[in-house]
Amino acid sequence: MRMSQLFAPTLWEVPAEAETISHQYLLRAGMIRRIAAGIYTYLPLAQRVLEKIEEIVREEMNKQGGQELKMPTLHPAELWQESSRWDAYGKELFRLQDRHERDYCLGPTHEEVITDLVRREVNSYRQLPLLLYQIQTKFRDEIRPRFGLIRGREFTMKDLYSFDRDQEGLDISYQKMYDAYSAIFRRCALKFQVVEADTGAIGGTDSHEFIVVADTGEDEIVYCEGCDYAANVERAVAADEEEDYREPEGELELVSTPGVSTIDAVASFFKAPPRRLLKTLVYLAIDGETYKPVVVVLRGDREVNEIKLQNHLGCMHLALADAETVREITGAPVGFAGPVGLVDVPLLIDREVMAVVNGVCGANKADYHWINVNPGRDFPTSEIADIRRVVAGDKCHSCGSPLHSARGIEVGHIFKLGTKYSEDLGATFLDGEGRERPIVMGCYGIGVPRTMAAAIEQNHDEKGIIWPMSIAPYQVVIVPVNSKNSEQMDLAEVLYAEMNEAGIEVVIDDRDERAGVKFNDADLIGFPLRVTIGSRSLKEGKVEIKDRATGKVTLVKAGEAVGVLQEKIKKASAAR
RNA sequence: CGGGGUAUAGCUCAGUUUGGUAGAGCGCUAGCAUGGGGAGCUAGAGGCCAGCGGUUCAAGUCCGCUUACUCCGACCA
């Protein structure tokens with residue numbers, strides 16, 4: 001490819017809309033352009049990178065026995081009503097109607113469509129297991145599209161669905177995908193962490209996320225260095241902390257605390273550490289039109305993990321109650337709620353609270369707190385659950401070492417679905433004994449554009465992108481320093497022809513631009529290798545090969561350049 | 001869904017206070033010059049000031065509505 005022809009409009013200034021590095025560089029390197037919020041056009045350079053990632057994905061899927069197919073993006077509502085996700089998926093589902101006013105949606109994922117296919121075509125255990133996948137555009141009306149390609153409303157995803165006879169079969173398919181995903185991200189040269197994850201709207205039992213570690217990531221994970229425990233904070237659990245004080249239970253006592261309503265204020269008023277306070281929150285568990293209040297108690301220094309809470313309650317949505325509802329339920333303004341004496345409302349106690357002795361809580365009366373509050377004695381503890389948010393420094397529940405936290409981008413997610421969809425949609429098979437059984441399913445997704453963006457978040461410097469060889473749009477760029485110098489230009493053309501002949505993916509910068517412009521564009525776009533042809537080295541009949549990642553320059557004779565490049569490309573591709 | 005902000009040249013932004021002929025830098029075109037890290041000089045092209053509706057002799061500027069984009073929040077008592 002000739003740089004003079006390449007449609008890659010690079011930008012010198014940073015467009016105002018871009019916050020994250022990957023977003024900025026994708027725009028500046030002329031790889032993407034936005035058409036609406038969360039919707040982008042991929043320009044040729046981005047398209048090449050995406051194709052490379054997709055090809056790696058394909059190879060690893062096929063290696064595990066996956067078969068590629070392609071399903072429609074336009075889905076009839078009936079299918080989604082059968083799985084009851086037409087309602088459950090909520091506002092994230094793009095809905096539309098045809099001319100007959102029949103309802104459709106744009107597929108945010110394809111469990112319904114694939115299960116419909118399989119229920120029609122698969123009848124016997126002899127046809128299982130089956131691994132089917134596609135690389136297809138998904139549509140999700142995200143609450144807030146962000147960070148360029150990291151959270152878009154239209155994006156490409158590889159989704160594979162596994163169909164097995166039983167749980168053991170599912171375990172095998174799941175492990176295959178686990179291995180395939182690890183191989184894919186390793187081949188993309190990404191540093192990633194596999195974590196236990198919440199299953200969210202997809203449903204199912206076990207689930208792992210593949211998280212690319214990056215400070216700008218939207219997800220927070222915790223991991224243990226003492227063992228291999230790692231989890232998304234949405235799901236993470238930690239060992240309960242032992243209280244380090246021992247004292248006899250005191251007598252419950254009402255204390256006047258005018259205007260003392262926040263945890264900090266209460267702590268300093270009573271000169272007690274926040275961990276001895278009982279934080280009491282009123283939540284509304286929402287299911288469609290109906291909602292009911294739930295009072296939640298946890299230690300003063302802890303925060304609620306709303307995902308855990310929602311899972312425990314089994315409701316569709318959660319919201320903190322407004323001040324008026326709080327007053328209705330507790331009889332006190334916000335800041336003076338407590339579990340003591342609350343009736344007619346479910347009381348959910350965080351497990352850790354059980355260890356608190358002589359705690360402090362609001363008295364459900366303006367400007368009063370109880371002291372010497374003890375769980376069980378002073379309020380009922382019939383419903384106990386782990387609902388707190390784990391933080392760095394908490395102890396690992398399996399080995400006791402301190403947990404660490406990190407941020408990252410979720411690039412892959414695998415689920416054991418079980419029989420949820422096969423039962424809802426009636427996808428069954430006859431086993432060896434002639435019994436009808438639901439197919440056991442799994443689903444496995446990779447966000448392709450997001451993987452590209454994550455690669456940039458992890459591989460860049462102040463000048464631009466540093467593509468890993470395996471997914472670089474082109475492997476080499478040839479830069480003749482002085483375009484008016486025919487000796488340089490001629491040699492550039494000769495090398496360009498040789499490289500094309502040798503199968504190297506190469507761009508020649510044949511533009512009549514100053515050297516600085518060409519160098520800066522090369523660095524911005526991030527070609528892994530740059531061949532510089534200039535007067536300095538040409539005097540000795542040599543050209544320079546510069547490694548984008550290390551900045552290391554190798555001088556080689558012009559005639560040997562192609563061989564050396566092939567060697568470097570081979571080495572870089574095999575590096576991981 | 002709630003709250004803030006923004007919308008002027010391809011990009012980044014002034015101009016709005018106090019209404020009176022549309023601006024800068026970068027980019028683009030042509031030329032000169034230069035040729036190892038976005039240097040320089042000259043001459044140009046390029047705007048329905050997001051849209052609609054008001055006020056006014058006169059609106060980018062004042063008022064109202066709409067749309068799009070964007071940030072914050074869906075926060076702990």
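Keep in mind that this is a model prediction, so the values were computed, not measured. Order of the sequence lines fixes the chain letters, A, B, ..., with proteins taken first and strands second; residue numbering starts at 1 for each chain. Just so it is clear, the values below take in all heavy atoms, side chains as well, and ignore hydrogens, waters and symmetry mates.
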Atom pairs under 3.5 Å: protein N/O with N/O of nucleotides 39-44 of chain B:
| from | atom 1 | to | atom 2 | distance (Å) |
| --- | --- | --- | --- | --- |
| B:A39 | N7 | A:Arg514 | NH1 | 3.4 |

### Message
Between the side chains of A:Asp386 and A:Lys308, is the shortest nitrogen-to-carboxylate-oxygen separation below 4.0 Å, so that they form an ion pair?
### Response
yes
### Summary
Assert: residue with more 5' nearest nucleotide on RNA chain B, out of A:Val334 and A:Asn520, is A:Asn520
#### Entry: Proximity of A:His23 and A:Phe147 rings by center, below 6.0 Å
no
### Task
Check the pair A:Val494 / A:Glu498 against side-chain contact (heavy atoms from CB on, under 4.5 Å), numbers first and verdict last.
CA-CA 6 Å; A:Val494 169; A:Glu498 283 179 18; 3.6 Å; yes
### Task
Return the value, rounded to whole Å, for the distance between atom CG of A:Asp523 and atom P of B:G37.
12 Å
### Task
Would you mind telling me which of B:U34, B:G38, B:G36 lies closest to the side-chain atoms of A:Leu524?
B:G38
### Query
Checking all strands, does A:Ala37 fall into the base, sugar-phosphate, or nothing category for heavy-atom contacts under 4.0 angstrom?
sugar-phosphate
### Summary
Looking only at B:G35, B:G38, B:G36, the nucleotide nearest the A:Ser537 side chain is B:G36
### Task
May I have the distance from A:Leu309 (atom CG) to B:C76 (atom P), rounded to whole angstrom?
15 Å
### Interatomic distance where CD belongs to A:Glu544 and C1' belongs to B:G37 [whole Å]
13 Å
### Query
If each of A:Val260 and A:Lys518 is mapped to the nucleotide of RNA chain B with the nearest heavy atom, which maps nearer the 5' terminus, i.e. the 5' end?
A:Lys518
### Message
Taking the minimum atom-to-atom distance to the side chain of A:Asn482, which one of B:C76, B:G36, B:G35 wins?
### Response
B:G35
### Summary
Quick note, A:Phe519 side chain, CB onward, closest among B:G37, B:G35, B:G38 is B:G37
### Task
Go through the side-chain N and O atoms of A:Asn372 and A:Glu253 and say whether any donor and acceptor fall under 3.5 Å apart.
no
### Query
With ring centroids as reference points, do A:Phe527 and A:Trp467 lie under 6.0 angstrom apart?
no
Distances under 3.5 Å between nitrogen or oxygen atoms of protein and nucleotides 23-28 of chain B:
| from | atom 1 | to | atom 2 | distance (Å) |
| --- | --- | --- | --- | --- |
| B:G25 | N2 | A:Glu13 | OE1 | 3.2 |
| B:G25 | N2 | A:Glu13 | OE2 | 3.2 |

### Query
Whole-Å distance between B:G10 C1' and A:Arg33 CZ?
10 Å
### Task
Check if the side chain of A:Ser483 and the base of B:G35 share a donor-acceptor pair of N or O atoms closer than 3.5 Å.
yes
### Summary
Looking only at B:G37, B:C76, B:U70, the nucleotide nearest the A:Arg34 side chain is B:U70
### Query
Less than 4.0 Å between a side-chain N and a carboxylate O, is that true for A:Arg388 and A:Glu352?
yes
#### Entry: Test side chain to side chain donor-acceptor pair (under 3.5 Å) applied to A:Tyr104 - qualifying residues, sequence neighbours left out
A:Asp98
### Query
Distance check: side-chain N/O of A:Arg536 vs OP1/OP2 of B:G35, anything under 4.0 Å?
no
